[in-house]
Amino acid sequence: MKNIVITGGAGFIGSHVVRLFVNKYPEYNIINLDKLTYAGNLANLKDVEGKPNYKFVKMDICNFEAFYQLMQDEKIDGIIHLAAESHVDRSIKDPFTFARTNVMGTLSLLQAAKLYWESLPEGYEGKRFYHISTDEVYGALSMNHPEGIEPPFKTVASSEGHKAYGDDFFYETTKYNPHSPYSAAKASSDHFVRAYHDTYAMPTIVTNCSNNYGPYQFPEKLIPLFINNIRLGKPLPVYGRGENVRDWLYVEDHARAIDLIFHKGRVAETYNIGGFNEWKNIDLIKVMIKTVDRILGNPEGHSLGLITYVTDRLGHDARYAIDSTKLQRELGWEPSLQFEEGIEKTVRWYLDNQAWIDSVTSGEYERYYDEMYNR
Ligand code: NAD
Ligand code: DAU
């Protein structure tokens, strides 16, 4: 597979995947296909812009004809599909946009790929449709150990003395049970991808990953939003009691897993990706406060008063926790970064890149695109 489309490459995770592929595989043609919604930002990829094996195409994944044409023009043999509406709170306010992009957009890509690949003499030989999904499709796990218990596994990502807050985990075999419009739309898209394998024998793979954190995440998500608010001395809106648990993975470790699975994963399989690194929101928020205060030279505890408990998210899932032993066992993947190290790096990145935060939240990146591509 040499001619590869990465959809959603201008977003948070997509930009890390594009950067990894462009730098690691000079012999590939990497096409970053992105609509540049509010969440897509070409400034995430300034360092790869001029590389000969990289091309950006502005396109909506729902545009079937345009994508079918691109498949033919570029002789695409691999698709890594990340483009999506990704923010749960937005899905609660505007579910239609989520159904359109996440469901219809994915279906549109699948159908265009099917028509093109089936028209080739070699058919599906050497082709791959890799769909990036989320652990949220599995629903919510119970918090039957609210004080925390010794977790079944430790990884590099697991923080010092970390805990599990329940004795169940999401496995590849866990039944889908999505709750939010976002996760319902992602679940639907996962089913369509599997249906294209089961019905047409398209070589597909699906992975379901836990919460990512790191540079270039749009500052509406918990970690970048709170780092920025602590810096500015603004309130930190904690949903409910801050007791919900999320399982955090450094974004570059997710990108490395995607690279490995795209090349070596077994067709028609599902792989869970996560680092066994559960955190209650409120504990994670306290770590961010401590880290930002230390780096900014504030006295310890200075920003704790910014914590503001607000009305809970509707249908707020209690706990996510991924079991990724299948990926570790089959393909030897391991997270590379310890959580405390990852948080330190992340906090420093956002504090050092205020101009990036300002530009992605001001719409400047739209103008940047127009100037860059003269449209
Ligand atoms: P993001 O919101 O940062 O980026 C999404 C990208 O998709 C943006 O560049 C946006 O412009 C593009 N896009 C949106 N609608 C489009 C459309 N109709 N046509 C073309 N491009 C469009 O999202 P992210 O956090 O980087 O997530 C990427 C993928 O990974 C998503 O599929 C998401 O469900 C999945 N995922 C995310 C996480 C996480 O913690 N962020 C965890 C697991 C899985
Ligand atoms: O689990 C993977 C998912 O992780 C991805 O599929 C999603 O695309 C990604 O957005 C993320 O979803 P979450 O809803 O878990 O992430 P978010 O950063 O929005 O919220 C993390 C937790 O923090 C969640 O329990 C809600 C809470 N929260 C969030 C925000 C934005 C707050 O308490 N206050 C906030 O202001």
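For ligands, and for the atoms within them, numbers begin at 1 and follow the listed sequence.
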With heavy-atom distances below 4.0 Å as the criterion, list the atoms of ligand 1 near [X].
X: Thr101; answer: 15 (N), 16 (C), 18 (N)
X: Tyr182; answer: 33 (C), 34 (O)
X: Ile132; answer: 30 (O), 32 (O)
X: Met59; answer: 19 (N), 20 (C)
X: Leu36; answer: 11 (O)
X: Ser133; answer: 43 (C), 44 (C)
X: Asn211; answer: 40 (O)

Using a 4.0 Å cut-off to any heavy atom of [X], which atoms of ligand 2 qualify?
X: Thr134; answer: 1 (O), 2 (C), 3 (C), 5 (C), 6 (O)
X: Tyr320; answer: 1 (O)
X: Asn281; answer: 22 (C), 23 (O), 24 (C), 25 (O), 27 (C)
X: Tyr182; answer: 5 (C), 6 (O), 7 (C), 8 (O)
X: Val238; answer: 33 (O)
X: Glu220; answer: 31 (C)
X: His87; answer: 19 (O)
X: Pro237; answer: 32 (C), 33 (O), 34 (N), 35 (C), 36 (O)

For the residue pair [X] and [Y], is the inter-centroid distance of their aromatic rings smaller than 6.0 Å?
X: Trp349; Y: Tyr216; value: yes
X: Tyr213; Y: Phe339; value: yes
X: Tyr309; Y: Tyr239; value: no

Does ligand 2 have a heavy atom under 4.0 Å from the side chain of [X], from its backbone, from both, or from neither?
X: Lys221; value: both
X: Asp135; value: side chain
X: Val88; value: side chain
X: Leu225; value: side chain

* Asked: Quick one: which of Ala39, Ser86, Ala84 has a heavy atom closest to atom 5 (C) of ligand 1?
  ->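 Looking at heavy atoms only, the winner is Ala84.
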
* May I ask which of Gly240, Ala318, Ser91, Ser86 has a heavy atom nearer to atom 9 (C) of ligand 2 than the others do? =>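 The nearest heavy atom belongs to Ser86.
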
* Asked: Side-chain contact, heavy-atom cut-off 4.5 Å: Leu236 with Ile230?
  ->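 Leu236 vs Ile230: side chains touch.
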
State whether [X] and [Y] are salt-bridged, where the test is any N-O pair (Lys NZ or Arg NE/NH1/NH2 against Asp/Glu carboxylate O) under 4.0 Å.
X: Glu243; Y: Lys280; result: yes
X: Lys264; Y: Glu330; result: no
X: Arg256; Y: Glu334; result: no
X: Glu147; Y: Lys163; result: no
X: Asp89; Y: Arg313; result: yes
X: Lys35; Y: Asp60; result: yes
X: Asp259; Y: Lys24; result: yes

* Can you find an N or O of Asn211 that's nearer than 3.5 Å to an N or O of ligand 2? ->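 Yes, at least one N or O pair falls under 3.5 Å.
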
* Asked: Got an N/O contact under 3.5 Å between Leu222 and ligand 2?
  ->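 Yes - when backbone and side-chain N and O of Leu222 are compared with those of ligand 2, one distance drops under 3.5 Å.
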
How far is [atom] from its nearest protein heavy atom, and which residue and atom name does that atom have?
atom: atom 38 (C) of ligand 1; result: Ile13 CD1, 3.5 Å
atom: atom 25 (O) of ligand 1; result: Phe12 CD2, 3.7 Å
atom: atom 8 (C) of ligand 1; result: Asp34 OD2, 3.6 Å
atom: atom 29 (C) of ligand 2; result: Tyr239 CE1, 3.5 Å
atom: atom 32 (O) of ligand 1; result: Lys186 NZ, 2.6 Å

Is any N or O atom of [X], backbone or side chain, closer than 3.5 Å to an N or O atom of ligand 1?
X: Ala83; result: no
X: Lys35; result: yes
X: Cys209; result: no
X: Thr37; result: yes
X: Leu82; result: yes
X: Asp60; result: yes
X: Asn41; result: no
X: Gly11; result: yes

* To do: Assess Gly9 for proximity to ligand 1: is some non-hydrogen atom of it under 4.0 Å away?
  =>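 The answer is no, since Gly9 has no heavy atom less than 4.0 Å from ligand 1.
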
* **Geometric cation-pi criterion, Lys114 with Tyr200: 6.0 Å, 45°** =>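 Judged by the rule (NZ or CZ under 6.0 Å from the ring centre, within 45° of its axis), Lys114 counts as positioned above Tyr200.
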
* Asked: Are Arg90 and Tyr38 in a cation-pi contact, defined as NZ or CZ under 6.0 Å from the six-membered ring centre and within 45° of the axis?
  ->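 Flagged: Arg90 positioned over aromatic ring of Tyr38.
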
* To do: Take every heavy atom of His316, measure it against each atom of ligand 2, and state whether any distance is under 4.0 Å.
  =>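 Within the 4.0 Å threshold, so yes.
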
* To do: Measure from the side-chain N and O atoms of Asp135 to the backbone N and O of Ile322, and report whether any donor-acceptor pair falls under 3.5 Å.
  =>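 Side chain of Asp135 to backbone of Ile322: no pair is present.
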
* Measure up the Phe12 and His16 rings against each other and bin them: parallel (under 30°), tilted (30 to 60°), perpendicular (over 60°). =>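 Perpendicular: the ring planes of Phe12 and His16 meet at over 60°.
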
